[in-house]
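In each ligand, atom 1 is the first atom listed, and ligand 1 is the first ligand listed. From a predicted model like this one, the values you see are computed outputs, not experimental measurements.
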Amino acid sequence: MSRLLLFTGKGGVGKTTTAAATAAHASRCGVRTLVASADPAHSLGDALGVDVGHEPVEVAPRLFAQQVDARARGERSWSEVQRYLVAALSELGVDPLAAEELTELPGAEEVLALLEVRDQVVAGGWDLVVLDCAPSAETLRLLALPEVLTRYVRRLLPMERRIARVLTGTVRPVAASLTRAGVPVPADHVVEAAERLATELTGVQEVLRSPRTSVRLVTTAETVVLAETRRTWTSLALHGFRVDQVVANRVFLGGDDTWRQRWSAAQEAVLADADASFHPVPVLRAGYADAEPVGVAALAAFG
Ligand SMILES: Nc1ncnc2c1ncn2[C@@H]1O[C@H](COP(=O)(O)OP(=O)(O)O)[C@@H](O)[C@H]1O
Ligand SMILES: [Mg+2]
């Protein structure tokens, strides 16, 4: 299993840049690295300056990039279960459109992206997988989803099994009343699909909780951004995720004009606050570059 680093933070702080820079630096140190983006904003390719597709592509020696496709992956398992539920509810007189809505798996699409990441971490043969996540609030929701969904899917399962057992077993009266109600018995492939999905979701949780996985919070040295970073930090801790580094990005490196000096002083105060808040986790400083760090070479230097 590879080491997994998740980068998150408030919108626009430099998550993609920092994630790609970390990956570029690691690859130059000899680490076989995959940098993947789960943010539908698709900016990983822009940062690397190359086209990034749904399969890992080598963008530099030992550095691969991938835009995780939330749609293509794993959807089969859920859609089989959903088709059965929609049919069952429709038989009971629920409007098919409403039935469809009722059986939507909340957040399914985003979680499918995590299934792909899990596969890469477990079987991809990488030393390091760096995941560029969506902004903090969405990421928190996403990280909590596998647990919620596993419960959701598992709750479906025993009921289905019970019905199936009753129908094939000796409890005829119940079977008869169910048949009268017109509820179709889930076929084996439906139960199997639900089981497969639950197992896959458990696998995602195992990867997220692994001691080889940690979160890196990207922030800027501004009070408003730091306040959100602290809230994210707290929520992550409550959910049992480990943050092992905070990156304060776009730090002014001083200057002679009053404007820059004022910013520098204000940022110093925020950084001191950040150091105290996150101690003993290190708050790394990344300077405000004089140009966007775009392309592998610029990113590796930034890293
Ligand atoms: N330290 C920096 N110095 C200069 N430009 C930066 C720095 N960090 C990020 N940028 C630029 O800021 C913009 C937003 O960064 P990005 O990494 O896409 O943020 P996010 O992923 O958090 O939305 C990009 O144009 C990026 O090149
Ligand atoms: Mg981004």
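Per-residue contacts place Lys15 under 4.0 angstrom from the following atoms of ligand 1 (heavy atoms of the residue considered): 17 (O), 19 (O), 20 (P), 21 (O), 22 (O), 23 (O). Of all the atoms in ligand 1, the ones that sit under 4.0 Å from a non-hydrogen atom of Tyr288 are 3 (N), 4 (C). Of all atoms in ligand 1, listed by their number and element, those nearer than 4.0 Å to a heavy atom of Ala291 are 4 (C).
Annotation: Phe302 places no N or O atom under 3.5 Å from an N or O atom of ligand 1; distance criterion only. Checked against a 3.5 angstrom limit, the closest N/O atoms of Gly12 and ligand 1 fall inside it. Between Gly287 and ligand 1, a contact under 3.5 Å exists for at least one N or O pair. Taking only nitrogen or oxygen atoms, main chain and side chain alike, Val294 does not reach within less than 3.5 Å of ligand 1.
Of the candidates Leu6, Leu5, Leu4, Val215 forms a side-chain contact (heavy atoms from CB on, under 4.5 Å) with just one, namely Leu6. No option in Lys10, Glu228, Lys15 other than Glu228 meets the side-chain hydrogen bond (donor to acceptor under 3.5 Å, both in side chains) test with Ser136.
Between Val204 and Val117, every side-chain heavy-atom pair lies at or beyond the 4.5 Å cut-off. Proximity of Val246 to Arg216: side-chain heavy atoms (C-beta onward) are nowhere separated by under 4.5 Å.
Geometrically, Arg209 engages Phe241 in a cation-pi contact, judged by NZ or CZ lying under 6.0 Å from the ring centre and within 45° of the ring axis. Taking the centre and axis of the six-membered ring of Tyr288, the NZ or CZ atom of Arg250 falls inside the cone set by 45° and 6.0 Å.
Within the 4.0 Å heavy-atom shell around ligand 1 one finds Pro293. Using a 4.0 angstrom heavy-atom cutoff, Ala20 does not count as in contact with ligand 1.
Protein heavy atom closest to atom 26 (C) of ligand 1, with residue, atom name and distance, is Thr17 OG1, 3.6 Å. What sits closest to atom 8 (N) of ligand 1 on the protein, heavy atoms only, is Asn249 ND2, 2.9 Å. Thr16 CB, 4.0 Å is the protein heavy atom nearest to atom 18 (O) of ligand 1. Looking at atom 3 (N) of ligand 1, its nearest protein heavy atom turns out to be Ala289 N, 2.9 Å. Atom 12 (O) of ligand 1 has Arg250 NH2, 2.8 Å as its closest protein atom, hydrogens excluded (heavy atom only). Atom 24 (C) of ligand 1 has Glu292 OE1, 3.6 Å as its closest protein atom, hydrogens excluded (heavy atom only).
No donor-acceptor pair closer than 3.5 Å links the side chain of Thr16 to the backbone N or O of Leu44. Under the 3.5 Å distance criterion, the side-chain polar atoms of Glu58 are left unmatched by any main-chain donor or acceptor of Leu63.
Using the six-membered ring where Trp is involved, Phe252 and Trp263 have ring planes that are tilted, between 30° and 60° apart.
In the model, Arg230 has a side-chain atom that pairs as donor or acceptor with a side-chain atom of Ser277 under 3.5 Å.
At a cut-off of 2.8 Å, Thr16 is counted among the residues with an N, O or S atom near the Mg ion (ligand 2).
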